[in-house]
Engineer: 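Here's a structure for you.
Excluded from the calculations below are hydrogen atoms, water molecules and symmetry mates; all remaining heavy atoms, backbone and side chain alike, are included. Throughout, numbering of the chain's residues begins at 1 and tracks the sequence.
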Amino acid sequence: MRIPKPIKSLQREDGTVKEVMTANYTPKNFRRFFPNQAFPVLSLFANKSTQIVLYLMANADSNNMIYATYKSIMEDCQVTDKKTVARVLKQLQEAQCIVEVSASHYMLNPAIILQGNDQKFGLLAVQFNDLLRSKRAKDKRNKRQEES
């Protein structure tokens, strides 16, 4: 078994590595995964939070963008409590699985799922990290304004 190596674009500013890891591909560890067939099966066994995560993954476009309102998530995942959707989206943002681009518009971390090759991964990882930095800076400005 090969030891996973860190993905360079997922290094934190302090030099530590986020939990998402990758391994070198060999014929022994390469697996094909078909999300459009696997997600519906997985959702049969999933709790509401996991169904929301699967829904976001299944509805990400080829650039890992997700356009979904709370209402659409609630309807499609059969969730009756808006707080559940809000909690899951907040947890996913804190875990850096998604970043909010604008209202009802999110980007899924390309280290989690990606449709494309290594070059596209690099481009989307840069875009994701830029959005993450921008979001952090905006949150810091808002916090300073609230404190003033």
Side-chain angles (χ1 to χ4, degrees), residues 4-23 29-148:
K5 63 179 181 175
I7 300 170
K8 292 177 186 175
S9 63
L10 292 178
Q11 289 184 341
R12 294 186 177 109
E13 292 173 9
D14 65 356
T16 60
V17 178
K18 298 174 189 171
E19 291 84 28
V20 180
M21 303 291 277
T22 187
N29 71 4
F30 182 78
R31 301 288 186 267
R32 292 182 71 182
F33 181 78
F34 300 97
N36 58 341
Q37 295 174 2
F39 291 155
V41 173
L42 292 172
S43 69
L44 295 173
F45 307 99
N47 62 22
K48 295 299 179 188
S49 299
T50 306
Q51 285 181 353
I52 294 169
V53 173
L54 292 171
Y55 172 83
L56 295 174
M57 289 179 177
N59 287 289
D61 67 12
S62 62
N63 290 318
N64 279 24
M65 295 296 176
I66 304 161
Y67 303 91
T69 63
Y70 279 37
K71 184 178 179 181
S72 66
I73 295 170
M74 289 171 62
E75 288 173 2
D76 294 340
C77 296
Q78 298 175 351
V79 176
T80 55
D81 187 15
K82 189 175 181 178
K83 290 180 184 178
T84 301
V85 176
R87 179 181 47 80
V88 171
L89 292 177
K90 182 179 179 185
Q91 288 174 332
L92 289 172
Q93 289 179 66
E94 289 172 355
Q96 297 178 352
C97 295
I98 62 171
V99 65
E100 185 177 24
V101 178
S102 63
S104 304
H105 181 193
Y106 304 91
M107 183 176 187
L108 182 63
N109 190 331
I112 294 173
I113 192 169
L114 171 71
Q115 180 182 347
N117 57 19
D118 290 344
Q119 183 180 6
K120 186 166 186 180
F121 170 79
L123 294 171
L124 291 179
V126 167
Q127 182 180 3
F128 182 85
N129 288 332
D130 287 347
L131 287 168
L132 203 54
R133 272 193 233 68
S134 174
K135 181 78 171 158
R136 282 188 199 142
K138 184 179 177 182
D139 290 345
K140 283 182 183 178
R141 282 193 303 271
N142 290 343
K143 189 174 181 179
R144 275 188 252 140
Q145 288 177 352
E146 288 175 6
E147 291 173 352
S148 301

Engineer: Under the side chain to side chain contact (heavy atoms under 4.5 Å, CB included) rule, what do Phe45 and Thr50 come out as? Steps first, then yes or no, please.
Structural biologist: CA-CA 9 Å; Phe45 307 99; Thr50 306; over 6 Å; no

Engineer: Check whether any side-chain heavy atom of Val101 sits under 4.5 Å from a side-chain heavy atom of Ile66, and report yes or no.
Structural biologist: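 Side-chain contact under 4.5 Å: no.
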
Engineer: Would a distance-only check, ignoring hydrogens and angles, find a side-chain to backbone donor-acceptor pair under 3.5 Å from Asn64 to Leu108?
Structural biologist: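 Here the side-chain-to-backbone pair exists.
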
Engineer: What's the separation between atom CG in Leu124 and atom CD in Gln119, rounded to the nearest 0.5 Å?
Structural biologist: 10.5 Å

Engineer: Quick one: closest heavy-atom pair of Lys82 and Tyr70, and the distance?
Structural biologist: CE-CD2, 3.4 Å

Engineer: Tell me, please, which residues at least two apart from Asn117 pass side-chain hydrogen bond (donor to acceptor under 3.5 Å, both in side chains).
Structural biologist: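 None.
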
Engineer: Within a 6.0 Å radius of atom CD on Glu94, are there more than 12 heavy atoms belonging to other residues, nucleotides or ligands?
Structural biologist: yes

Engineer: Going by the rule ring-ring contact (aromatic ring centres under 6.0 Å, His included), which residues pair with Phe39 if we only count those two or more places apart in sequence or in a different chain?
Structural biologist: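 By the ring-ring contact (aromatic ring centres under 6.0 Å, His included) rule, Phe39 matches Phe33.
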
Engineer: Using a 4.5 Å cut-off on heavy atoms from C-beta on, say whether the side chain of Lys120 contacts that of Pro110.
Structural biologist: no

Engineer: Give a yes or no on whether the backbone of His105 and the side-chain of Ser102 come within a donor-acceptor separation of less than 3.5 Å.
Structural biologist: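 No: the side chain of Ser102 does not pair with the backbone of His105.
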
Engineer: Just jot down the salt bridge (charged side-chain N to carboxylate O under 4.0 Å, His left out) partners of Arg133, sequence neighbours excluded, or say none.
Structural biologist: Asp130

Engineer: Taking side chain as C-beta onward, heavy atoms only, is Thr84 less than 4.5 Å from Arg87?
Structural biologist: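 Thr84 vs Arg87: side chains touch.
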
Engineer: Working to the nearest 0.5 angstrom, can you tell me the gap between Cys97 SG and Leu56 CG?
Structural biologist: 10.0 Å

Engineer: If you count the non-hydrogen atoms of other residues, nucleotides and ligands that lie under 6.0 Å from NZ in Lys71, is the total more than 12?
Structural biologist: no

Engineer: Please confirm whether the backbone N or O of Met65 pairs with a side-chain atom of Asn63, one donor and one acceptor, at under 3.5 Å?
Structural biologist: no

Engineer: If you round to the nearest 0.5 Å, how far is CD of Glu75 from OH of Tyr55?
Structural biologist: 9.0 Å

Engineer: Can you tell me if Ser134 uses its side chain to pair, donor with acceptor, with the backbone of Leu131 under 3.5 Å?
Structural biologist: no

Engineer: Which of these passes side-chain contact (heavy atoms from CB on, under 4.5 Å) with Val85: Asp81, Val88, Leu89?
Structural biologist: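 With Val85 as partner, Asp81, Val88, Leu89 yield a single side-chain contact (heavy atoms from CB on, under 4.5 Å), made by Leu89.
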
Engineer: In Å and rounded to the nearest 0.5 Å, what is the CD to CD distance from Glu100 to Gln93?
Structural biologist: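 Atom-to-atom, Glu100:CD and Gln93:CD are 5.0 Å apart.
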
Engineer: Return the minimal non-hydrogen interatomic distance between Ser104 and Thr69, and the atom names on each side.
Structural biologist: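 Closest heavy-atom pair between Ser104 and Thr69: OG-CG2, 3.5 Å.
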
Engineer: Out of curiosity, Asn129 CG to Met107 CE, how far, rounded to the nearest 0.5 Å?
Structural biologist: 9.0 Å

Engineer: Rounded to the nearest 0.5 Å, what separation is found between the NZ atom of Lys48 and the OG atom of Ser43?
Structural biologist: 9.5 Å

